[in-house]
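One structure is given below, encoded as structure tokens.
Every heavy atom of this structure was used, including side-chain atoms; hydrogens, water molecules and symmetry mates were not.
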Amino acid sequence: MKVSHLHSNHCASRRTHDLRHTCASLLLAQGVDARIIMETLGHSTITMTLDTYAHVMQTTLRAAADRMDDALGIDDVGEEEGAAPEDSPGE
């Protein structure tokens, strides 16, 4: 089913499903609670929403972890270098 009543070049050829998926992905990326998205999309269970948008949730989880690091004043430089101090050679 094509959305024919939209005249924008960006939306004219999009299916309703594509618009729903984009809406949910953008809302999750903006930090909107998954339960609200579930209700907006009309999913019967939160599991359906979370399973469908798990790929977006991974990005959201990383962002949440980064925010927690910031709140705790943790610098991730050691993580980027790769090895933890206890993994150093010769120990």
Grouping I, L, V, M, F, W and Y whenever their side-chain heavy atoms are under 4.5 Å apart, do Leu50 and Val32 come out in a common cluster?
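Yes, same cluster.
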Assigning hydrophobic clusters by single linkage (Ile, Leu, Val, Met, Phe, Trp, Tyr; side-chain heavy-atom cutoff under 4.5 Å), is Leu28 placed with Leu26?
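Different clusters.
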Can you tell me how far the [atom1] atom of [X] sits from the [atom2] atom of [Y], to the nearest 0.5 Å?
{"X": "His21", "Y": "Leu19", "atom1": "NE2", "atom2": "CG", "result": "11.5 Å"}
{"X": "Thr52", "Y": "His43", "atom1": "OG1", "atom2": "NE2", "result": "5.0 Å"}
{"X": "Ile46", "Y": "Thr49", "atom1": "CD1", "atom2": "OG1", "result": "5.0 Å"}
{"X": "Leu27", "Y": "Ile37", "atom1": "CG", "atom2": "CD1", "result": "5.0 Å"}

Between Asp18 and Arg15 (side chain of the first, backbone of the second, donor and acceptor by atom type, cut-off under 3.5 Å), is there such a pair?
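Yes.
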Kindly say whether Leu41 contributes a backbone atom to a donor-acceptor pair with the side chain of Arg20 at under 3.5 angstrom?
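At least one qualifying donor-acceptor pair exists.
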